[in-house]
Protein chains: 2
Amino acid sequence: MGIRAQQKERTRRALLDAAFNQLSAERSISNLSLREVAREAGIAPTSFYRHFKDMEELGLTMVDEGGLTLRQLMRKGRQRAEEGGSVIRASIETFMEFIDSNPNVFRLLLRERSGTSAAFRAAVTREIRHFIDELSDYLQTRACRRPDLAYAQAEALVTLVFASGAEALDLNKKERQALAERLIVQLKMIAKGSEALQRSGREPELENLPK
Amino acid sequence: MGIRAQQKERTRRALLDAAFNQLSAERSISNLSLREVAREAGIAPTSFYRHFKDMEELGLTMVDEGGLTLRQLMRKGRQRAEEGGSVIRASIETFMEFIDSNPNVFRLLLRERSGTSAAFRAAVTREIRHFIDELSDYLQTRACRRPDLAYAQAEALVTLVFASGAEALDLNKKERQALAERLIVQLKMIAKGSEALQRSGREPELENLPK
DNA sequence: TCTCTGGGCGTACATCTGTACGCCATTTTG
DNA sequence: CAAAATGGCGTACAGATGTACGCCCAGAGA
């Protein structure tokens, strides 16, 4: 890569890093200012346009990167889990660690999911659907769930875990512990309930089974 | 009430109405401007301060009113339900009607729950906890759940219903239908799972029962 | 080597924001 | 009836924001 393109990529990163850096509990993408981001990145405000057309474009990139970060982390967590232990429990732990170590990235996803930009909302929704789909596949192959049940179950699991993560953001350690335990109970409910529904739904179809 | 206080209350309402009016899918509380709200309410910008110290204070009032609206509606829905039919199903229907007829109020609650103001987040969380508590009581008295199970179950139900509502905002009628059916399945899972957990948890304590 | 491209800069401008200050007019209070 | 209180207004200001325009100069390409 040319020396020119290299430098360009560098300042682009600087912009993204500056933007991520300015996120906090009190500051979301929509109240970032072009000028302030440029300032922290060490370039003139007008130079911003050499890299992004808009703050909206910057934001979309951030959402994508945030989603990617989370997805990669979960992939690792799943690997770690398959070396022994419950995949679901390992996933939750990984997810909670993510929230703990990247709270602002999680806040980003959380907020933009219901934010004022349809493009952002769609991007986050897409990201979450990835999770649901992967989990749904897992439930189909490992727990032998019917596709529709698997999807509904996966969606419920992800929804509850995500909501717990959101709530955890404002809690202290002790309260988080209680929250986590409640979450486990809720996931168990879903697991047991799904099992029950699967059984009750299967019998009428027995006569139609192949072989 | 004095003629003076009456007029004051009127413009206060005008401010709140103007603010609610400016909410939309693309516009949240945090991008309302004092000047614009005052303009739509028909008063000078500086007169705003005669009613609210801040836009923050206006916002908090809006959150409270939004929560109240929802709570009142759900109360009505529950009454309607007790005249026959499943309370849970009726609650869901009422909730979905609320989202359908007051989408911006729902968006308000949804957004501020993860917004940038701790006070707003707390207010919405308080509002949601009302629901959970009421539902939890219902489950304890009507379905004889243990308190901890009842609370976990109620929380899960509310979380899922709320999440479905949020998702519904961006969907067309057909997609909403599929979403609603999935939601029913998920709520059934939780009901059955909770039942199972209650049974499995009760037996070891049988010998300690009074009487 | 010479030319061209493009990242970065500074200046400049129009627009919007919140809000401090002081005045007026009417209601309320004494 | 006089005095105080108060909702509302207009003016004014300082600061911030996005962005149009034009210049410069280092690297890319011929």
Side-chain angles (χ1 to χ4, degrees), chain A residues 1-24 26-63 111-112 115-120, chain B residues 1-24 26-63 111-112 115-120:
Chain A
M1 183 164 53
I3 230 172
R4 194 74 176 256
Q6 223 167 40
Q7 182 54 28
K8 173 156 185 174
E9 182 53 31
R10 266 227 211 128
T11 62
R12 186 189 145 95
R13 259 267 59 88
L15 282 170
L16 284 165
D17 289 346
F20 272 114
N21 215 23
Q22 296 187 5
L23 293 180
S24 71
E26 296 79 23
R27 203 98 192 275
S28 76
I29 283 194
S30 65
N31 25 51
L32 294 186
S33 109
L34 184 152
R35 284 182 108 104
E36 225 173 317
V37 170
R39 204 176 307 142
E40 178 164 339
I43 67 172
T46 50
S47 297
F48 178 93
Y49 299 103
R50 305 290 186 193
H51 303 272
F52 301 96
K53 163 172 149 290
D54 247 355
M55 278 299 287
E56 168 112 3
E57 198 174 291
L58 203 233
L60 256 178
T61 310
M62 291 173 76
V63 173
R111 283 172 177 159
E112 301 314 323
T116 53
S117 154
F120 286 19
Chain B
M1 185 163 50
I3 225 172
R4 195 75 177 255
Q6 221 167 44
Q7 182 55 28
K8 173 156 187 177
E9 183 53 31
R10 266 227 213 130
T11 63
R12 185 190 146 97
R13 258 267 60 88
L15 282 170
L16 284 165
D17 289 346
F20 272 113
N21 215 24
Q22 296 188 4
L23 292 181
S24 72
E26 297 79 23
R27 204 99 194 273
S28 74
I29 283 194
S30 65
N31 23 54
L32 295 186
S33 106
L34 183 152
R35 281 181 109 103
E36 226 172 318
V37 169
R39 204 176 308 141
E40 179 164 338
I43 66 172
T46 50
S47 297
F48 178 94
Y49 298 104
R50 304 289 186 194
H51 303 271
F52 301 97
K53 163 173 151 285
D54 247 354
M55 279 300 286
E56 168 112 4
E57 198 174 291
L58 203 231
L60 255 178
T61 309
M62 292 173 75
V63 172
R111 283 173 177 158
E112 301 314 324
T116 53
S117 153
F120 287 18

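Values below: all heavy atoms of this structure, side chains included; hydrogens, waters and symmetry mates excluded. Chain naming here is simple, since letters A, B, ... match the order of the sequence lines and numbering starts at 1 in each.
- For residues 37-51 of chain B, there are no salt bridge (Lys or Arg N to Asp or Glu O under 4.0 Å) pairs, not counting sequence neighbours.
- In this view, A/Ser117 and A/Glu56, A/Ala119, A/Phe120 satisfy the side-chain contact (heavy atoms from CB on, under 4.5 Å) rule, not counting sequence neighbours.
- Of all non-hydrogen atoms in A/Pro45 and A/Ala38, the two that sit nearest each other are CA-CB, 3.9 Å.
- Under the salt bridge (charged side-chain N to carboxylate O under 4.0 Å, His left out) criterion, B/Glu36 pairs with B/Arg27, not counting sequence neighbours.
- Nearest heavy-atom pair, B/Met55 versus B/Leu32, reported as atom, atom and distance to 0.1 Å: CE-CB, 3.7 Å.
- Residues satisfying the side-chain hydrogen bond (donor to acceptor under 3.5 Å, both in side chains) criterion with B/Ser24, sequence neighbours excluded, are B/Glu26.
- A/Met62 has its side chain within reach of A/Leu58: a pair of non-hydrogen atoms, C-beta onward, lies under 4.5 Å apart.
- Applying the side-chain contact (heavy atoms from CB on, under 4.5 Å) rule to B/Ala44 yields the partners B/Thr46, B/Ser47; only residues at least two apart in sequence or on another chain are considered.
- If you measure from atom CD of B/Gln7 to atom C1' of D/dC9, you get 14 Å, rounded to the nearest angstrom.
- Atom-to-atom distance recorded for A/Glu9:CD and A/Arg4:CZ is 15.0 Å, nearest 0.5 angstrom.
- Within a heavy-atom distance below 4.0 Å of DNA chain C, the residues of residues 32-41 of chain B found are B/Ser33, B/Leu34, B/Arg35, B/Glu36, B/Arg39.
- Near DNA chain C, meaning a heavy atom under 4.0 Å from it, residues 43-52 of chain A has A/Ile43, A/Ala44, A/Thr46, A/Ser47, A/Arg50, A/His51 in order of number.
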Expected list for residues 11-18 of chain A: side-chain donor-acceptor pairs under 3.5 angstrom, two or more places apart:
unit_1: A/Thr11; atom_1: OG1; unit_2: A/Lys8; atom_2: O; d: 3.2
unit_1: A/Thr11; atom_1: OG1; unit_2: A/His51; atom_2: NE2; d: 3.1
unit_1: A/Arg13; atom_1: NE; unit_2: A/Asp17; atom_2: OD1; d: 3.3
unit_1: A/Arg13; atom_1: NH1; unit_2: A/Glu65; atom_2: OE2; d: 3.1
unit_1: A/Arg13; atom_1: NH2; unit_2: A/Asp17; atom_2: OD1; d: 3.3
unit_1: A/Arg13; atom_1: NH2; unit_2: A/Glu65; atom_2: OE1; d: 3.2

For each nucleotide in nucleotides 24-30 of chain D, reading 5' to 3', give B when a protein heavy atom comes within less than 4.0 Å of its base, S when such contact involves only the sugar-phosphate, and - otherwise.
--BBS--
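- Shown for residues 9-21 of chain B: no residue has heavy atoms falling under 4.0 angstrom of DNA chain C.
- Heavy-atom contacts of chain A under 4.0 Å fall on DNA chain C between two terminal nucleotides, which in 5' to 3' order are C/dT5 to C/dA12.
- Sorted by first and then second residue, the ring-ring contact (aromatic ring centres under 6.0 Å, His included) pairs with a member in residues 31-50 of chain B read B/Phe48-B/Phe52; sequence neighbours excluded.
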